[in-house]
Student: 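Next up is a structure, given as structure tokens.
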Amino acid sequence: MTLYQPFLDSAIACLNSRLDIQPYPIPEGFEHKSAIVGKGKNQEEIITTSYAFQSPKLQQIRAAHVQGGKSLQVLNFVIFPHLNYDLPFFGADLVTLPGGHLIALDMQPLFAGDREYQTKYTEPILPIFHKYQQHLPWGGDFPEEARQFFSPAFLWTRSQDQALVETQVFAAFIDYLEAYIDFVIAADVITNPQMLANIEQRQLQYLHYRAEKDPARGMFQRFYGKEWTEEYIHGFLFDLERKLAKISGKG
Ligand code: DBV
């Protein structure tokens, strides 16, 4: 059992028990990918598996799980709401590299600067944030341009301590996900045309940023090549742009 497998299993179990989730298509070649890297004694098989679901209010719930031995484990888990809900994104980036663990967990707001939005989608999370923040000290600098996509409840830490990941980070991940599911259950459909246009615009900005700046791009290119990586990013991890192009007949 690798470090993030229980995170993945528990997340899927939570989602299944509380929402009506259905499979979301994963393009061929992405469900399971493996490569052997390194030489001799340092040889390691790097396996990336993908998971994806959808629900009536959630356009895509998806996870990428990279397993490459003790010093390379990644779980990137993101939920994209349908464009007729004002829900935030659920975003978890759990990364174990030779230098240690890097943890990013947030409900990423559509409208970070909007007071009403904060009251609705950030304030309820703050008690959970404070509960874990004391165990997970601020991880330091992160890209300035990413700031607009994070909430004040952004848990961001770097640690060498695997036990901390297995206990506090695991509990935080599940608490954030449960709180996210509460939001999903409570969310009402948006019909105001101006609001719908704003949601689509912000979702695309977010997606664009994440696809453009994906910090895993270098890693995936090394393991699986450039072509596979770009297809994986734009055709699966952050696929909304292509889906919209298809709907409007441009794709
Ligand atoms: N990150 C992803 C996806 C990954 C992934 C889809 C499938 O968005 C993994 C894999 N993140 C990943 C890896 C690293 C990071 C780092 C492998 C390590 C990269 C390296 O050091 O080589 C939050 N993730 C990071 C970093 C941040 C985030 C700030 C450090 C980047 C750096 O120091 O340059 N998560 C990241 C982010 C957003 C988010 C910027 C949102 C806007 O949700």
Side-chain angles (χ1 to χ4, degrees), residues 2-5 7-8 11 26-27 30-35 37 44 46-52 60-69 71-81 88-112 125 136-160 165 169 172-173 176-177 180 202-224 228-241:
T2 55
L3 182 56
Y4 298 118
Q5 189 68 48
F7 290 66
L8 183 59
I26 300 174
F30 296 147
E31 214 153 337
H32 187 279
K33 179 76 178 169
S34 93
V37 301
E44 197 71 73
I46 315 279
I47 301 172
T48 296
T49 44
S50 304
Y51 302 80
Q60 192 199 39
I61 301 160
R62 61 100 185 120
H65 189 199
V66 183
Q67 297 171 89
S71 56
L72 178 66
Q73 295 291 325
V74 177
L75 179 65
N76 182 267
F77 196 109
V78 181
I79 301 179
F80 302 92
F89 305 94
F90 176 86
D93 203 14
L94 313 173
V95 181
T96 298
L97 298 172
H101 312 279
L102 176 161
I103 303 297
L105 181 60
D106 198 12
M107 302 227 194
Q108 301 185 304
L110 276 175
F111 308 107
I125 308 304
L136 306 172
W138 182 246
D141 282 351
F142 70 97
E144 177 63 40
E145 48 190 345
R147 217 155 289 234
Q148 59 164 314
F149 298 111
F150 290 103
S151 84
F154 178 36
L155 278 174
W156 165 239
T157 197
R158 294 172 194 269
S159 173
Q160 305 289 331
V165 177
V169 174
F173 174 76
Y176 271 59
L177 184 63
Y180 187 81
R202 284 298 292 169
Q203 276 228 16
L204 285 170
Q205 280 172 4
Y206 175 83
L207 210 88
H208 214 86
Y209 177 79
R210 299 263 339 235
E212 247 358 69
K213 300 292 156 99
D214 191 338
R217 182 177 261 108
M219 173 186 85
F220 282 135
Q221 286 182 351
R222 264 185 290 127
F223 300 151
Y224 308 126
W228 184 92
T229 298
E230 288 312 307
E231 226 12 68
Y232 190 52
I233 291 173
H234 294 285
F236 176 64
L237 291 176
F238 305 103
D239 68 359
L240 178 67
E241 238 168 344

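Order of listing sets the numbers, starting from 1, for every ligand and every atom in it. All values reported here derive from a predicted model rather than from experimental measurement.
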Student: Phe142 heavy atoms, cut-off 4.0 Å: which ligand 1 atoms fall inside?
Tutor: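 Here the atoms of ligand 1 in question are 29 (C).
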
Student: Would you mind checking which non-hydrogen protein atom is closest to atom 1 (N) of ligand 1, with the distance to 0.1 Å?
Tutor: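 Minimum-distance protein heavy atom for atom 1 (N) of ligand 1 reads Asp93 OD2, 3.0 Å.
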
Student: Please work out, at 4.0 Å between heavy atoms, whether the side chain, the backbone, both, or neither of Ile233 comes within that distance of ligand 1.
Tutor: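 It is neither part, as no heavy atom is under 4.0 Å.
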
Student: Please determine whether any non-hydrogen atom of Gly91 lies less than 4.0 Å from an atom of ligand 1.
Tutor: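 No; Gly91 lies far enough from ligand 1 that no heavy-atom distance drops under 4.0 Å.
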
Student: Determine, using ring centers only, whether Phe173 and Tyr4 are less than 6.0 Å apart.
Tutor: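 No, the ring centres sit 6.0 Å or more apart.
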
Student: How far is atom 41 (C) of ligand 1 from its nearest protein heavy atom, and which residue and atom name does that atom have?
Tutor: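 Result: Arg210 CD, 3.3 Å.
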
Student: When Gln67 is tested against each of Leu75, Thr49, Ile46 for side-chain contact (heavy atoms from CB on, under 4.5 Å), which residue passes?
Tutor: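 Considering Leu75, Thr49, Ile46, a side-chain contact (heavy atoms from CB on, under 4.5 Å) with Gln67 is found only for Thr49.
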
Student: Where does Gln108 meet ligand 1, judged by heavy-atom distances below 4.0 Å: at the side chain, the backbone, both, or neither?
Tutor: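 Near ligand 1, Gln108 shows its side chain, while the N, CA, C and O stay back.
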
Student: Does Asp106 reach ligand 1, in the sense of a heavy atom lying below 4.0 Å from it?
Tutor: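 Per 4.0 Å heavy-atom rule, Asp106 does not contact ligand 1.
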
Student: Side chains of Tyr232 and Ser50: do they bring a donor and an acceptor to under 3.5 Å?
Tutor: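 Result is yes, a qualifying pair exists.
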
Student: Between Tyr209 and ligand 1, is there a nitrogen or oxygen pair with a distance under 3.5 Å?
Tutor: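 No.
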
Student: Angle class for the Phe89/Tyr206 ring planes (parallel below 30°, perpendicular above 60°, tilted otherwise)?
Tutor: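 Parallel: the ring planes of Phe89 and Tyr206 meet at under 30°.
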
Student: Which of the numbered atoms in ligand 1 are under 4.0 angstrom from any heavy atom belonging to Ala216?
Tutor: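 Answer, ordered by atom number: 4 (C), 5 (C), 9 (C), 10 (C).
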
Student: Should the pair Phe142 and Trp138 be assigned to parallel (<30°), tilted (30 to 60°) or perpendicular (>60°) ring geometry?
Tutor: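 The rings of Phe142 and Trp138 stand perpendicular, inter-plane angle above 60°.
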
Student: Are any of the protein's heavy atoms under 4.0 angstrom from atom 34 (O) of ligand 1, yes or no?
Tutor: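 So far as the 4.0 Å threshold goes, atom 34 (O) of ligand 1 is out of reach of every protein heavy atom.
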
Student: Hey, is Pro215 touching ligand 1 through its side chain, its backbone, both or neither, going by heavy atoms under 4.0 Å?
Tutor: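 Under 4.0 Å from ligand 1, Pro215 contributes backbone and side-chain atoms.
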
Student: So, do Phe77 and Phe7 have ring centers that fall under 6.0 Å from each other?
Tutor: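 Between Phe77 and Phe7, the centre distance exceeds or equals 6.0 Å.
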
